[in-house]
Amino acid sequence: MQPLAEELPARVVPPTEPLSTLRYIRTVVRNPLEVWPEAIYQQPIYVDRFMGRETLFVMEPDLVKQMLIDEPERYRKSDMMKRLLEPALGNGMLNADGAAWRRQRRIVAPIFRPDQIASYVNAMLAAGDRAADRLATFPDGAVVRLSHEMMRTTFEVVAETILPGAGRLDIPAVERAIGDYLGGTGWVVAWSQIGLPRGFPYPGKRRVSRARDYLRRITAEMVAERRREGRRADPVQALIDARDEETGEGITDTEIVDNLLTFIAAGHETTALALTWTLYLLSLNPKVEAKVLAEIERAGGPRGLEADTVAELTYTRQVIQEAVQLYPPAPSLLRTPVGQGEIGGVKVDEKSSIFIPIYAIHRHKVQWDDPDRFDPDRFKAEAVKARHRCA
């Protein structure tokens, strides 16, 4: 495969002067990262204002740890995040907070035990083989939408692992619906940031609503069908059978639908983006690509990998981690304080909007040497061990 570009693109560059409201909306819809201030790539914490609304950006690893690990009950998931995801994903693990999150987390955790994930590897390898075969059919000089090919590949994995035996499920239709639903993301972010209410119309909203309704309906039908037909050994059945180890309670069908849609929608898109950027970066770095290919050959070759040998791909893992470092599929997290408090010397309350800008943290000029450079050695074991857990 020929390189897709001559050089690694620089990071997203913030505007040099304030944007008008109209330009702000257009920019957020196109790429929300473009409105982030330059200061967040250099400072540990930064307060920004737009249209009278205060936004706190937190980049300091110790403060990130405080919010996400030490005191998560004091920083709930933001209204903006819920506006983005709740209509389709309901109150599954991605949206739930506090006790509701902990309860679902305990129930769902067994589905993602290492031994369970290992049982999915063959399906992942088979999907990779099919993707390689498809790419090999393109003639020299053809333009390939690599992101689309990776979306197709990761959705095949989801269909064969999370939804095996899903009966009459129309996989291409589900994939299109997910794309349509996520297509409204930029507008929801823009409307939330300028203070417009939930439900305010935007271009394409009807299409987004139809996609949401379709996804929830077919997933609910699949769960109901499974209850009628009986047991199968797959994650759908695991959710139906799951019980909270502390209370013995299961989860409702609505919660099963919420979490299945979370696994399907959030899981396949983020993984596809990680793969797309990884392949893109390899195409620009032939020496790194050669090391990856050599490591794969030592582990059995691209058609000879197995669950056990995948674990031997140490350098390949570093490459993927570095790709996600430079281009994180989820570029930010949003939190809202519960009550009044202080973080990094800044007073916050329930009206505060807090961004944890993952993309900026990964390219922070103080925390990283040459942060915009592609360098898989950043993820050697000794380098990772020496680094802050939340860097």
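The structure displayed is predicted, hence computed values, not measured ones. Hydrogens, waters and symmetry mates play no part in the numbers below; they use all other heavy atoms, side chains included.
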Quick one: salt bridge (charged side-chain N to carboxylate O under 4.0 Å, His left out) partners of [X], sequence neighbours excluded?
{"X": "Arg317", "result": "none"}
{"X": "Lys82", "result": "Asp97"}
{"X": "Arg212", "result": "none"}
{"X": "Asp70", "result": "Lys65"}

Taking all non-hydrogen atoms of both residues, which atom of [X] and which atom of [Y] are closest, and how far apart?
{"X": "Glu350", "Y": "Pro337", "value": "CG-O, 3.4 Å"}
{"X": "His364", "Y": "Pro44", "value": "NE2-N, 4.4 Å"}
{"X": "Ile162", "Y": "Leu260", "value": "CG2-CD2, 3.9 Å"}
{"X": "Ile361", "Y": "Cys390", "value": "CG2-O, 4.4 Å"}
{"X": "Asp375", "Y": "Glu322", "value": "N-OE2, 2.8 Å"}
{"X": "Ala127", "Y": "Thr153", "value": "O-CG2, 3.8 Å"}

Within a strict 4.5 Å, meaning less than it, do heavy atoms of the [X] and [Y] side chains meet?
{"X": "Ile256", "Y": "Arg227", "answer": "yes"}
{"X": "Phe355", "Y": "Ile40", "answer": "no"}
{"X": "Arg363", "Y": "Leu326", "answer": "yes"}

When rounded to the nearest 0.5 angstrom, what distance separates [atom1] in [X] from [atom2] in [Y]?
{"X": "Thr185", "Y": "Arg83", "atom1": "OG1", "atom2": "CZ", "answer": "12.5 Å"}
{"X": "Asn95", "Y": "Arg76", "atom1": "CG", "atom2": "CZ", "answer": "12.5 Å"}
{"X": "Thr219", "Y": "Asp258", "atom1": "OG1", "atom2": "CG", "answer": "10.0 Å"}
{"X": "Leu239", "Y": "Ile251", "atom1": "CG", "atom2": "CD1", "answer": "5.0 Å"}
{"X": "Trp368", "Y": "Arg373", "atom1": "CH2", "atom2": "CZ", "answer": "11.5 Å"}
{"X": "Asp180", "Y": "Arg210", "atom1": "CG", "atom2": "CZ", "answer": "8.0 Å"}

Pair listing, side-chain hydrogen bond (donor to acceptor under 3.5 Å, both in side chains) test, anchored in residues 307-316, at least two apart: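 Pairs touching residues 307-316 that pass the test: Glu295-Thr316.
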
Quick one: does [X]'s side chain have a donor or acceptor within less than 3.5 Å of a partner on [Y]'s backbone?
{"X": "Gln318", "Y": "Pro376", "answer": "yes"}
{"X": "Lys205", "Y": "Gly199", "answer": "yes"}
{"X": "Ser119", "Y": "Gln116", "answer": "yes"}
{"X": "Arg74", "Y": "Met67", "answer": "no"}
{"X": "Gln367", "Y": "Met59", "answer": "yes"}

Same cluster (ILVMFWY, side-chain, under 4.5 Å), [X] and [Y]:
{"X": "Leu281", "Y": "Leu293", "answer": "no"}
{"X": "Ile356", "Y": "Val346", "answer": "yes"}
{"X": "Val29", "Y": "Leu334", "answer": "yes"}
{"X": "Ile69", "Y": "Ile45", "answer": "yes"}
{"X": "Leu68", "Y": "Tyr359", "answer": "yes"}

Does [atom1] in [X] sit with more than 12 non-hydrogen atoms of other residues, nucleotides or ligands closer than 6.0 Å?
{"X": "Arg145", "atom1": "CZ", "answer": "no"}
{"X": "Glu297", "atom1": "CD", "answer": "yes"}
{"X": "Arg134", "atom1": "CZ", "answer": "yes"}
{"X": "Glu342", "atom1": "CD", "answer": "yes"}
{"X": "Arg26", "atom1": "CZ", "answer": "no"}

Pairing of [X] and [Y] as salt bridge, 4.0 angstrom limit:
{"X": "Glu86", "Y": "Lys77", "result": "no"}
{"X": "Arg226", "Y": "Asp253", "result": "no"}
{"X": "Asp115", "Y": "Arg113", "result": "yes"}
{"X": "Arg152", "Y": "Glu156", "result": "yes"}

Tyr46 and Phe57 aromatic ring geometry - parallel, tilted or perpendicular at 30°/60° bounds: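 Ring orientation, 0 to 90° scale: tilted.
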
When the ring planes of Trp277 and Tyr327 are compared, do they come out parallel, tilted or perpendicular, using 30° and 60° as the limits?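 Plane angle under 30°, so parallel.
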
Excluding sequence neighbours, so at least two apart, what forms side chain to side chain contact (heavy atoms under 4.5 Å, CB included) with Val310?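 Val310 satisfies side chain to side chain contact (heavy atoms under 4.5 Å, CB included) with Val121, Leu125, Leu305 once adjacent residues are dropped.
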
Could you tell me if the ring centre of Tyr280 sits under 6.0 Å from that of Phe374?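 Centroid distance Tyr280-Phe374: not below 6.0 Å, so no.
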
Please assess Tyr214 against Tyr181 for the test side-chain contact (heavy atoms from CB on, under 4.5 Å), listing each intermediate value before the final yes or no. CA-CA 10 Å; Tyr214 172 76; Tyr181 182 76; over 6 Å; no

Run Trp187 and Ile25 through side-chain contact (heavy atoms from CB on, under 4.5 Å) and show every step you take. CA-CA 8 Å; Trp187 289 104; Ile25 292 171; 3.9 Å; yes

Given side-chain contact (heavy atoms from CB on, under 4.5 Å), test Thr254 with Arg216 step by step and report yes or no. CA-CA 9 Å; Thr254 298; Arg216 292 199 65 83; 4.0 Å; yes

